[in-house]
Amino acid sequence: MTSYEDFAGREILPLWEGPDPVNVPMIRHWAEAMGDRNPIYRDDAAARATGRPGIVAPASMMQAWTMRGYAATVEGPDAGARAGAAAGARELDGLLEKDGYTSVVATDSEFEFHRELVAGDRVSVREVVESISPEKSTALGTGRFVTTVRTYTDQDGEVVAVQRWRLLRFRPKEARAPRPRPAVNRDNAFWFEAAREHRLVIQRCAGCGTLRHPPGPCCPHCGSFDWDAAEASGRGQVYSFVVNHHPRHPAFEYPLIVAVVELDEGTRLVTNLVGVEPGEVEIGMPVVLDWLDADPDLSLPVFRPQSGIAA
Amino acid sequence: MSGFSGAAAIAGIGATEFSKDSGRSELRLACEAVLAAVADAGLKPSDVDGMVTFTADTNAEIHVARSTGMRDLTFFSRIPHGGGAACGTVQQAALAVATGVADVVVCYRAFNERSGVRYGLGQADGPAETGADSAAYAWLTPFGLSTPAQWVAMFARRYMHEYGATSEDFGRVAVVDRRHAATNPAAWFYRRPITLEDHQASRWIAEPLHLLDCCQETDGGQALVVVSAERARDLPHPPAVVLGAAQGSGDDQHMMTSYYRPRITGIPEMGLVGRQLYAQSGLGPADMDAAILYDHFTPLVLPQLEELGFCAPGEAKDFVAEGNLELGGRLPFNTHGGQLGEAYLHGMNGIAEAVRLVRGTSVNQPEGVRNVIVTAGTGVPTSGLVLGADR
Amino acid sequence: MNGRTYEEVATGEELPPLPIPLTRTLIVATAIASRDYQDVHHDPGLAVERGSTDIFMNILTTNGLVDRYVTEWAGPAAVVTAIRIRLGVPNYPGDTMTLTGTVTAKHDEDRRVEIAVRGENGLGAHVTGTVAVRLPAKDAT
Ligand SMILES: [Zn+2]
């Protein structure tokens with residue numbers, strides 16, 4: 001039984017030559033799409049003025065010379081020139097598929113260029129696995145980082161570039177519904193706007209200085225309608241908490257810890273506790289502020305146990 | 001007009017400016033108008049103990065009261081049907097003042113009817129609701145705190161922490177309810193009693209609440225007919241006389257989530273109801289022969305026993321464990337099975353059971369019942385009754 | 001077109017920011033120019049089916065834009081010797097990515113300059129990385 005560790009050093013793409021030689025029309029299309037007006041990609045004279053023999057290809061275009069393009073989508077990954085040659089790739093794909101890592105996203109590309117490409121160059125590529133990470137939990141889902149080294153060579157077998165290439169192969173996270181939207185109005189908008197900037201604020205009466213949360217339009221102590229907002233220290237302790245199991249709302253992971261935290265400033269707020277198991281939470285536990293960017297429009301203060309506190 | 005004619009008067013008036021775009025929340029407009037009227041009357045917000053508004057108003061009494069510094073409220077009422085409510089609010093206030101259930105009642109109405117929701121544009125495609133009640137949920141639902149069980153669980157956890165109560169102490173309430181329901185043919189859980197072990201083994205809903213700490217959900221209806229005591233004597237059944245009827249909304253009152261008070265182990269609004277009931281009826285806890293206490297969730301039965309004076313704060317767990325709520329105990333409780341055992345009808349079925357207890361016709365009738373105390377929902381502005389046999 | 005000489009550049013120098021409007025057409029045109037026909041770069045329906053909120057820019061294009069950003073500043077005589085990037089949040093249509101850069105190192109032996117590059121969109125950092133270019137000597141031009 002092959003394991004992920006066995007793949008280090010294995011070839012998953014034997015040397016394969018790109019379908020087109022380096023050529024000026026494809027360079028021009030690339031530069032046009034990228035908005036790149038560098039004259040060395042379209043003007044022989046301008047390129048020669050910089051000491052080059054003539055038009056060169058953008059360095060970043062290296063990988064494009066070895067892309068299978070539309071053919072890959074109609075013939076499948078192992079068809080054509082690669083058929084029968086990519087046993088390592090098929091074996092790795094099988095292993096990843098068995099573990100449910102059905103999705104893929106490129107995360108890193110590290111190119112070292114040995115020389116610039118000129119029209120007429122034929123680029124080939126060979127790919128070898130460098131490492132496969134243990135399973136990691138990421139924002140996209142759980143998966144493994146597959147790092148390979150792609151070596152690009154020319155018609156003479158000389159290396160023109162080396163690329164360390166990292167893909168995340170992962171199980172997509174269950175799509176989560178957005179968190180319930182707060183009804184934002186003229187009395188509470190300041191608080192949610194501050195939260196978007198990762199600032200936890202407390203409404204403060206401009207008349208008598210009393211802090212109040214949840215906020216309101218006027219002060220129950222002195223009747224003043226004037227107020228400003230004080231920045232909270234972000235420290236507090238658990239005043240009470242709940243561990244929700246049922247019913248389940250699609251925005252949340254369960255069991256879900258909801259707590260009333262009493263801030264050092266004296267006001268309390270309802271929040272979530274993170275970085276702690278339900279069984280470890282205790283009333284009186286010191287906690288510190290953290291931020292949850294629930295989605296692009298909504299950031300919420302959450303709290304985690306203060307580190308360095310002995311259990 | 002008769003009865004209360006001449007018994008009440010309007011003593012203060014107050015308003016905001018009238019514009020096409022106030023630039024302020026509807027709640028703020030309500031607060032400004034209320035504070036102006038109270039000042040005009042030469043009173044302080046803390047003198048106010050009654051509020052009346054329109055059912056159409058977005059500014060619930062508790063938000064206005066909390067913001068303006070009102071404290072205990074003993075009367076709050078709403079009138080339906082849009083603009084038809086206006087004079088009705090004054091009638092409600094006058095009735096309350098004339099009968100002594102409140103001393104100072106504020107009637108109010110505030111809205112951004114031009115810059116906000118314009119009635120004239122019709123109801124389709126209205127903007128998202130951002131009134132004070134909706135905004136109150138902004139502090140809860142984004143964090144996943146959105147069900148009554150979860151709201152109650154937050155109080156329960158703190159109560160356990162301060163008083164050393166356990167899940168089993170809550171479970172004993174459910175066991176009594178289900179024992180009484182087991183002999184009530186009208187109860188959903190007829191012939192289905194539970195044990196404390198069943199309670200402990202039931203799945204978590206919102207820790208520290210198990211499934212069997214939570215009432216069922218019910219389809220059903222319940223109605224009551226109220227007439228004068230004199231007339232009732234001529235009707236077929238022995239009257240259940242209203243000896244006391246009271247409302248209560250406490251200081252810093254929120255809707256199910258009054259987590260911001262100095263302490264959250266009690267139910268101050270229920271204490272306020274209880275004190276009025278005893279004052280109105282001239283009776284005390286020792287005179288109550290049975291209790292129908294609101295039991296949508298078991299934990300809040302315990303502080304009700306404390307607030308109503310049946311035991312001291314923190315001692316309800318012992319009061320229950322000693323068997324006082326059983327049929328032969330000191331205070332037979334929820335003899336119909338409660339909302340955990342019979343049906344969840346927002347407490348109205350409990351009032352009917354109290355009537356049966358006074359008539360002597362409950363399926364679980366204890367000996368010699370004359371006075372029964374009944375409570376309404378906990379965690380919210382609430383109410384209560386003392387019903388008694390005809391004297 | 002003017003360029004920079006190795007001597008003109010100082011460590012700590014900041015490149016002028018370059019905002020790039022991320023039109024749907026740009027995302028599709030650059031994917032095709034880099035011969036990347038994967039559906040997530042041009043088919044919104046399939047992109048959503050695969051868990052994305054919309055089509056998004058491919059990594060080859062991010063390489064291309066970072067390359068363009070640095071060489072526009074360095075000038076046509078500059079020779080790119082390395083592009084190392086890490087991707088963060090996706091580049092979705094309708095957003096704008098603003099590229100910024102700072103010269104972080106100079107290597108006299110081969111007149112090589114390293115520039116730390118960062119591309120931020122409305123969701124956060126789309127790309128962070130380093131580009132190395134060899135610049136002409138002062139008297140060579
Ligand atoms: Zn004040």
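Every chain is numbered from 1 and lettered A, B, ... according to where its sequence line falls, protein lines coming before strand lines.
For A:Phe241, the parts sitting under 4.5 Å from any heavy atom of chain B are the backbone and the side chain alike. Only the side chain of B:Asn112 has a heavy atom closer than 4.5 Å to any heavy atom of chain A. In this structure, no portion of A:Cys222 lies under 4.5 Å from any heavy atom of chain B. Interface remark: A:Tyr239 contributes backbone and side-chain atoms alike to the contact with chain B (heavy atom separation under 4.5 Å). Heavy atoms of B:Leu35 lying under 4.5 Å from chain A belong exclusively to its side chain. With a 4.5 Å cut-off on non-hydrogen atoms, B:Arg261 touches chain A through its backbone but not through its side chain. Contact annotation for A:Ala259: only backbone heavy atoms (N, CA, C, O) come within less than 4.5 Å of a heavy atom of chain B. For B:Ser67, the parts sitting under 4.5 Å from any heavy atom of chain A are the backbone and the side chain alike. For a residue to count as touching a neighbouring chain, one of its non-hydrogen atoms must lie under 4.5 Å from one of that chain's; by this rule B:Arg66 touches chain A with the backbone only. Both the backbone and the side chain of B:Ile264 come within contact range of chain A, judged by heavy atoms closer than 4.5 Å.
Panel note: side chain A:Arg186, backbone B:Arg24; a donor-acceptor pair is recorded below 3.5 Å.
Contacts with chain B were tallied for A:Ile257, A:Val302, A:Asn244; A:Asn244 has the most, counting heavy-atom pairs under 4.5 Å. For the set A:Cys219, A:Pro217, A:Gly223, the count of heavy-atom pairs under 4.5 angstrom toward chain B peaks at A:Pro217. Heavy-atom pairs under 4.5 Å with chain B peak, among A:Ala294, A:Cys218, A:Gly216, A:Gly266, at A:Cys218. If you tally non-hydrogen atom pairs under 4.5 Å between each of B:Arg28, B:Arg158, B:Glu32 and chain A, the highest count goes to B:Arg158. The candidate from A:Phe192, A:Phe225, A:Tyr254, A:Trp191 with the greatest count of non-hydrogen atom pairs under 4.5 Å with chain B is A:Phe225. Chosen from B:Ser134, B:Ala136, B:Cys31, B:Gly144, the residue pairing most often with chain A at heavy-atom distances under 4.5 Å is B:Gly144. The choice from B:Phe143, B:Trp151, B:Tyr260 that makes the most heavy-atom pairs within less than 4.5 Å of chain A is B:Phe143. Options A:Leu298, A:Val258, A:Ile283, A:Val184 differ in how many heavy-atom pairs under 4.5 Å they form with chain B, and the most are formed by A:Ile283. Top candidate by heavy-atom pairs under 4.5 Å with chain B, chosen from A:Pro220, A:Pro182, A:Pro247, is A:Pro220. Contact count versus chain A (heavy atoms, under 4.5 Å) is highest, among B:Gly69, B:Pro45, B:Ala138, for B:Ala138.
Nearest approach of B:Glu26 to B:Asn59, heavy atoms of both residues: C-OD1, 3.3 Å.
Around the OH atom of B:Tyr137, the shell of radius 6.0 Å holds no more than 12 heavy atoms that belong to other residues, nucleotides or ligands. Within a 6.0 Å radius of CD in B:Glu17, other residues, nucleotides and ligands contribute more than 12 heavy atoms.
Using a 3.5 Å distance cut-off with no hydrogens or angles, the side chains of A:His213 and A:Gln203 do not pair a donor with an acceptor. In this model, a donor atom of one side chain and an acceptor atom of the other lie less than 3.5 Å apart for A:Asp187 and B:Ser25. In the model, B:Gln200 has a side-chain atom that pairs as donor or acceptor with a side-chain atom of B:Ser167 under 3.5 Å.
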> Passes salt bridge (Lys or Arg N to Asp or Glu O under 4.0 Å), A:Glu265 versus A:Arg235? Steps please.
Replying inline: CA-CA 9 Å; A:Glu265 289 80 3; A:Arg235 286 184 300 273; over 6 Å; no

>> Assess the residue pair A:Phe303 and A:Trp291 against the criterion (ring-ring contact (aromatic ring centres under 6.0 Å, His included)); give the C-alpha distance rounded to whole Å, side-chain angles, the decisive distance to 0.1 Å, and a yes or no.
In response: CA-CA 8 Å; A:Phe303 286 78; A:Trp291 288 96; 8.6 Å; no

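The structure places CD1 of B:Ile205 at 9.5 Å from CG of B:Asp213, a figure rounded to the nearest 0.5 Å.
Annotation: B:Tyr259 is not in aromatic contact with B:His254 [ring centroid separation under 6.0 Å not met]. Ring centroids of B:His210 and B:Trp204 are separated by less than 6.0 Å, placing the two rings close together.
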